[in-house]
Peer 1: 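One structure is given below, represented as structure tokens, and several questions about it will come after.
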Protein chains: 2
Amino acid sequence: MANTGRAGRQSRVATLPPRERILDAAEELFTREGIKAVGVQAIADRAGTTKMALYRHFATKDALVEEWLRIVAADYTAVFDQLETAHPDDPRAQILGMARFIADGLPGISHRGCPFINSLAELPDRAHPARRLIEAHKAGQARRLTGLCARAGLTDPDEAAAEITFVLEGAQVSTQNASVERVGERLMRIVQGVLDRHSAR
Amino acid sequence: MANTGRAGRQSRVATLPPRERILDAAEELFTREGIKAVGVQAIADRAGTTKMALYRHFATKDALVEEWLRIVAADYTAVFDQLETAHPDDPRAQILGMARFIADGLPGISHRGCPFINSLAELPDRAHPARRLIEAHKAGQARRLTGLCARAGLTDPDEAAAEITFVLEGAQVSTQNASVERVGERLMRIVQGVLDRHSAR
DNA sequence: ATCCAACGAGACCGATCGGTATCGCTTGAG
DNA sequence: CTCAAGCGATACCGATCGGTCTCGTTGGAT
């Protein structure tokens, strides 16, 4: 998901405006190295611009972090929305679509995990705006997933949603470690099993 | 697990040697604030000693981080061992015991997650000794869990172990966010379900 | 009693951090 | 054509980082 910008230098033609390049660079570096490990200078360099230009668009580094996470969250929500319009009357397909989206993304984030989980680790302060954003996003996703489970006719929507959430998060975490092989398919099989098991018999 | 040292000032009597106090302080601060966010000065202060004393026992900050993670990993392994001696011929009880241990620990790590997962987020470099330590520990736990699943007579030990791992990690991650309520019991119920489902009928 | 190793205290170092100030240059809307 | 706004470059600021050095004290084994 995301990572729209090419990795190369500032292309000669059709260069994006500085603000977008900065956000692309931030996405790349924050994801790969972590928030605290990346300095604003490095972000400016990778964006092919300067620190001053960065501070013309973002008040502080924290504000940039927040905006980056807002975009990531919006990307996830967009996938959810898109699945909803694609399968308006099939909540089960929406759930499996979300799982498929996560599963397919696993190889790409190999050894680097989920941006949200990693950012939470670097933002211990619950009052931090970026952290509040993450928690709000996760809460919204959980509510939405629970709703889908209910509409899918599962016997215990709360339990099923929690189960799926655990498995989804756990798969992303586990991808950081060991053999990434078959994690995606394993994940799909498990989610499928959860749905079947909670279905009214 | 761990957190053996009292939280208070350096007690007047029976004060632990500096090295232990430093490790206790590191455990406390690294867990609560994160690795990168904590300076060696802060660790020394909390241990009631000085930076110099710290560097007499640990070559670098990284070495201290590594030693801390080694202790945490050893604590987990010790619980595993203890369960093995308690239920030598009941692999199922061992698995449930481990899940119970995690579940009971969830309220304690509320909003701060698992030290391993958080540390992975702050150690993007796969060659970092501390990271290698974590990966080795996780690999060992996974192997052990798979073995238990096999001995428990589950039809697909690999699948069952992966499922349990995902759920365990996911529960710890999710504890950082929302309503921590009932997460422990929910976790136990899910693991129990995984065991039942994979049992030969 | 002695002596040495570990300790507490604190100054100090170079590097890097987030963030600001200054100054030309480009550029596109009026 | 004009001119202000946005831009790139660079120097700079105070604070903090990990890590080193010195020195005076202390306490347990011999």
Side-chain angles (χ1 to χ4, degrees), chain A residues 5 8-27 29-30 32-69 119 122-125 128-131, chain B residues 5 8-27 29-30 32-69 119 122-125 128-131:
Chain A
R9 313 280 87 212
Q10 57 275 32
S11 331
R12 42 217 70 81
V13 60
T15 299
L16 290 88
R19 186 171 196 276
E20 308 307 317
R21 288 182 321 199
I22 290 169
L23 283 171
D24 280 354
E27 151 120 19
L29 293 178
F30 285 154
R32 181 150 48 89
E33 320 250 5
I35 297 176
K36 289 249 177 64
V38 173
V40 290
Q41 181 69 67
I43 298 175
D45 287 350
R46 183 162 233 292
T49 180
T50 65
K51 220 163 34 155
M52 267 315 297
L54 188 153
Y55 278 105
R56 278 196 201 97
H57 293 284
F58 305 95
T60 69
K61 183 191 177 183
D62 270 3
L64 173 57
V65 170
E66 194 180 341
E67 186 63 19
W68 163 58
L69 287 172
S119 295
E122 300 200 70
L123 300 170
D125 181 11
H128 192 294
R131 172 146 191 155
Chain B
R9 309 283 88 213
Q10 58 274 32
S11 329
R12 43 217 72 80
V13 60
T15 299
L16 290 89
R19 186 172 197 275
E20 309 308 315
R21 290 188 324 226
I22 290 169
L23 282 170
D24 281 354
E27 150 118 19
L29 293 179
F30 284 154
R32 183 148 47 88
E33 319 249 6
I35 296 176
K36 289 250 176 63
V38 172
V40 290
Q41 181 69 64
I43 298 175
D45 288 349
R46 184 161 231 291
T49 181
T50 65
K51 224 171 17 162
M52 267 317 295
L54 189 153
Y55 278 105
R56 278 195 201 96
H57 293 283
F58 305 95
T60 68
K61 184 191 177 183
D62 269 3
L64 173 58
V65 170
E66 194 180 341
E67 187 63 21
W68 162 60
L69 287 172
S119 295
E122 299 200 71
L123 300 170
D125 181 11
H128 193 294
R131 172 146 192 157

Peer 1: Starting at the 5' end of DNA chain C and moving along, which residue's nearest nucleotide shows up first, A:M52 or B:T49?
Peer 2: B:T49
Peer 1: Any donor-acceptor pair under 3.5 Å linking the side chain of A:E27 with the backbone of A:W68?
Peer 2: no
Peer 1: Could you tell me how far apart A:L54 (CG) and C:dC17 (C1') are, to the nearest whole angstrom?
Peer 2: 14 Å
Peer 1: In whole angstrom, what separates A:Y55's OH from D:dC7's P?
Peer 2: 16 Å
Peer 1: Among the nucleotides D:dA9, C:dT20, D:dG19, which one has an atom lying closest to any side-chain atom of A:K51?
Peer 2: C:dT20
Peer 1: Please state whether the phosphate of C:dG8, meaning OP1 or OP2, lies under 4.0 angstrom from any side-chain nitrogen or oxygen of B:R21.
Peer 2: yes
Peer 1: Spell out, as yes or no, whether a donor-acceptor pair under 3.5 Å connects the side chain of B:E122 to the backbone of B:I35.
Peer 2: yes
Peer 1: Going from CZ on B:F30 to NZ on B:K36, what distance comes out if it is rounded to the nearest 0.5 angstrom?
Peer 2: 11.5 Å
Peer 1: A:L29 has an atom CG; how far is it from atom P of C:dC17, in whole Å?
Peer 2: 12 Å
Peer 1: A:H57 side chain N/O closer than 4.0 Å to the phosphate oxygens (OP1, OP2) of D:dC7?
Peer 2: yes
Peer 1: Determine whether a donor-acceptor pair (one donor, one acceptor, N or O, separation below 3.5 Å) exists between the side chain of A:R56 and the base of D:dG8.
Peer 2: yes
Peer 1: Taking atom P of C:dA6 as reference, at what distance in whole Å does atom CG of B:L16 sit?
Peer 2: 18 Å
Peer 1: Taking atom P of C:dT20 as reference, at what distance in whole Å does atom CZ of A:F58 sit?
Peer 2: 15 Å
Peer 1: B:R46 side chain to B:A25 main-chain N or O, any donor-acceptor pair under 3.5 Å?
Peer 2: no
Peer 1: Rounded off to whole Å, could you give me the CD-to-P distance for the A:Q41 and D:dA9 pair?
Peer 2: 11 Å
Peer 1: Could you say whether A:G39 or B:P17 is positioned toward the 5' end of DNA chain C, judged by the nucleotide with the nearest heavy atom to each?
Peer 2: B:P17
Peer 1: Using atom NZ of B:K61 as one end and atom P of C:dA15 as the other, report the distance to the nearest whole Å.
Peer 2: 19 Å
Peer 1: Measure the NZ-CD1 distance between A:K51 and A:I22 for me, rounded to the nearest 0.5 Å.
Peer 2: 13.0 Å
Peer 1: Round to a whole Å and report the spacing from CD1 of A:I35 to C1' of C:dG18.
Peer 2: 15 Å
